[in-house]
Visitor: 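Dumping the structure here so I can ask a few things about it.
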Amino acid sequence: MDIFLQFDLPSILLGSLAALACGLLGNFLVLRKQALMGDAISHVVLPGIVLGFLFSHSTGSWAMMLGAGAAAIFAVLLIELIRRVGNVEPGAAMGVVFTTMFAAGVVILERTGTAGVHLDVEHALYGNLESAIWLDAYSLSDLWNWQALSTLPESIQQLFVVNLLIIAFIVLFFKELKISSFDPLLSASLGFSPKWLGLALIVMVAVAAVAAFSAVGSILVIAMFICPAATARMLTDNLKVQLVLSGIASLSAGLFGYLLAAFGPGLLGYEFSVSAAGMIAVVAGLQQLLAMLFAPHYGVIMRRRRQKKHAVA
């Protein structure tokens, strides 16, 4: 039991919290048809991440999150400036800003000598989920021991706080986010600025992406911004229910994805394990596939059954 608590439970918590942070915000990205914004943000915030690291000299610091948030705000303002001054389409302006800022981040990395600090291809794609260790856990009672909990890996504590911020953001601005996501014109007529709400959402997406990126890598971050929300969207038309279902899908993908990655190959007779972050993304994709096939109202199989019944009638 102590081995599970020390080595497996921290990784499960890390993967699940990262999935939850991305999955909750992904609901509003999917509704706004901006599902790939998480992928774009992960490129835009690179200069902010590098500058935050140069300021704090730590890869797990809040300075990196603040830098990422500032970079996201700067990117949104720059896109709007280019769109208005240059009279170009929003998509073209986004392309210019995203590529330029990512290139600037790469240049800063190379020129400051920080290119090898936890930013290699392996960590960028797959993260470092399995490295989470909780050596002060010896029994189940430690799960309720505040002294033991205070020694959890910093990345877990950080993601826990980020999840609280995201939940608070959604609860406080649920009505405004809902209206602006479905009908921006109605939102503006009611006094809820769609632009400012969109900016706030992008900042929260940037914070979630940075908090999860160093731990689980870009593959899981991008998958979790899309799959849980899209899965929940197939199951209900109620946004509150959708948020709950996406949270359940995120947490279950984190749990079962890690268990399959760590113990699945052993059950099949192999002596190795596979990438936990990759397997969590696979489980999230399978959830999406099952929802597409068997969702009560929108599932392909259920729709065909209804069509056959109508044809017979």
Side-chain angles (χ1 to χ4, degrees), residues 13-14 16-42 44-45 48-49 52 61-77 155-184 186-188 190-216 220-222 224-233 236 238-251 254:
L13 289 175
L14 192 58
S16 299
L17 289 173
L20 181 62
C22 299
L24 290 176
L25 292 173
N27 288 282
F28 299 101
L29 296 180
V30 169
L31 290 175
R32 293 164 177 257
K33 297 181 180 180
Q34 297 175 338
L36 288 176
M37 183 60 70
D39 183 24
I41 288 295
S42 66
V44 166
V45 299
I49 293 174
S61 67
W62 289 100
M64 292 178 65
M65 287 195 187
L66 294 175
I73 294 174
F74 177 74
V76 172
L77 296 177
S155 54
I156 294 179
Q157 299 180 34
Q158 197 174 71
L159 274 169
F160 180 77
V161 174
V162 168
N163 273 280
L164 291 180
L165 292 175
I166 290 171
I167 293 172
F169 172 73
I170 293 174
V171 171
L172 291 175
F173 299 101
F174 177 77
K175 179 176 67 175
E176 292 83 355
L177 289 169
K178 179 179 180 179
I179 296 174
S180 63
S181 297
F182 285 104
D183 194 338
L186 176 60
S187 174
L190 294 175
F192 308 140
S193 174
K195 291 183 179 180
W196 285 109
L197 288 170
L199 175 61
L201 179 62
I202 288 177
V203 172
M204 295 304 295
V205 168
V207 171
V210 173
F213 186 83
S214 62
V216 299
L220 183 57
V221 169
I222 296 169
M224 285 301 147
F225 272 124
I226 301 173
C227 290
T231 299
R233 183 68 186 88
T236 182
N238 186 304
L239 183 55
K240 290 183 179 179
V241 176
Q242 179 179 326
L243 286 166
V244 174
L245 290 177
S246 67
I248 294 173
S250 300
L251 293 174

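All of these numbers come straight from a predicted model, not from anything done at the bench.
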Visitor: Indicate the atoms forming the closest heavy-atom contact of G23 with A229, along with that distance.
Guide: O-CB, 4.3 Å
Visitor: Donor-acceptor pair, D183 side chain versus I179 backbone, under 3.5 Å?
Guide: no
Visitor: Under a 4.5 Å cut-off applied to non-hydrogen side-chain atoms, are E176 and L190 in contact?
Guide: no
Visitor: Enter the distance from L24:CG to I170:CD1 here, rounded to the nearest 0.5 Å.
Guide: 5.0 Å
Visitor: Identify the residue among V30, T236, T231 that makes a side chain to side chain contact (heavy atoms under 4.5 Å, CB included) with Q242.
Guide: T236
Visitor: With a 4.5 Å heavy-atom cut-off, do L177 and L239 have their side chains touching?
Guide: no
Visitor: Considering all heavy atoms of both residues, which atom of V44 and which atom of A75 are nearest to each other, and what is their separation?
Guide: CG1-CB, 3.3 Å
Visitor: For A232 versus L245, what's the shortest heavy-atom pair and its separation?
Guide: CB-CB, 3.8 Å
Visitor: Let me confirm one number: the CG-CD1 distance from L25 to I202, rounded to the nearest 0.5 Å.
Guide: 11.5 Å
Visitor: Kindly compute the distance separating CZ (F182) from CG (L31), expressed to the nearest 0.5 Å.
Guide: 4.5 Å
Visitor: With a cut-off of 6.0 Å (strictly less than), are more than 12 heavy atoms of other residues, nucleotides or ligands near CZ of F169?
Guide: yes
Visitor: Below 4.5 Å, heavy atoms only, C-beta onward: do P184 and K195 meet side chain to side chain?
Guide: no
Visitor: Looking at V162 and A211, what are the two nearest heavy atoms and their distance?
Guide: CG2-CB, 3.9 Å
Visitor: Side-chain donor-acceptor pair under 3.5 Å between S246 and R233, yes or no?
Guide: no
Visitor: Against L159, only a single residue in L13, L17, L164 fulfils side chain to side chain contact (heavy atoms under 4.5 Å, CB included); can you say which?
Guide: L17
Visitor: What's the spacing between K178 NZ and S187 OG if we round to 0.5 Å?
Guide: 13.0 Å
Visitor: Determine the minimum heavy-atom distance between I166 and A208, stating which atoms define it.
Guide: CD1-CB, 3.9 Å
Visitor: Are L197 and L201 side-chain neighbours, meaning at least one heavy-atom pair lies under 4.5 Å?
Guide: no
Visitor: How long is the gap from CE on M204 to CZ on F173, to the nearest 0.5 Å?
Guide: 10.0 Å
Visitor: How far does OG of S193 sit from CG of L199, to the nearest 0.5 angstrom?
Guide: 9.0 Å
Visitor: Is the closest side-chain heavy-atom distance between L29 and I226 below 4.5 Å?
Guide: no
Visitor: For the residue pair S155 and L14, establish whether any side-chain heavy-atom pair is separated by less than 4.5 Å.
Guide: yes
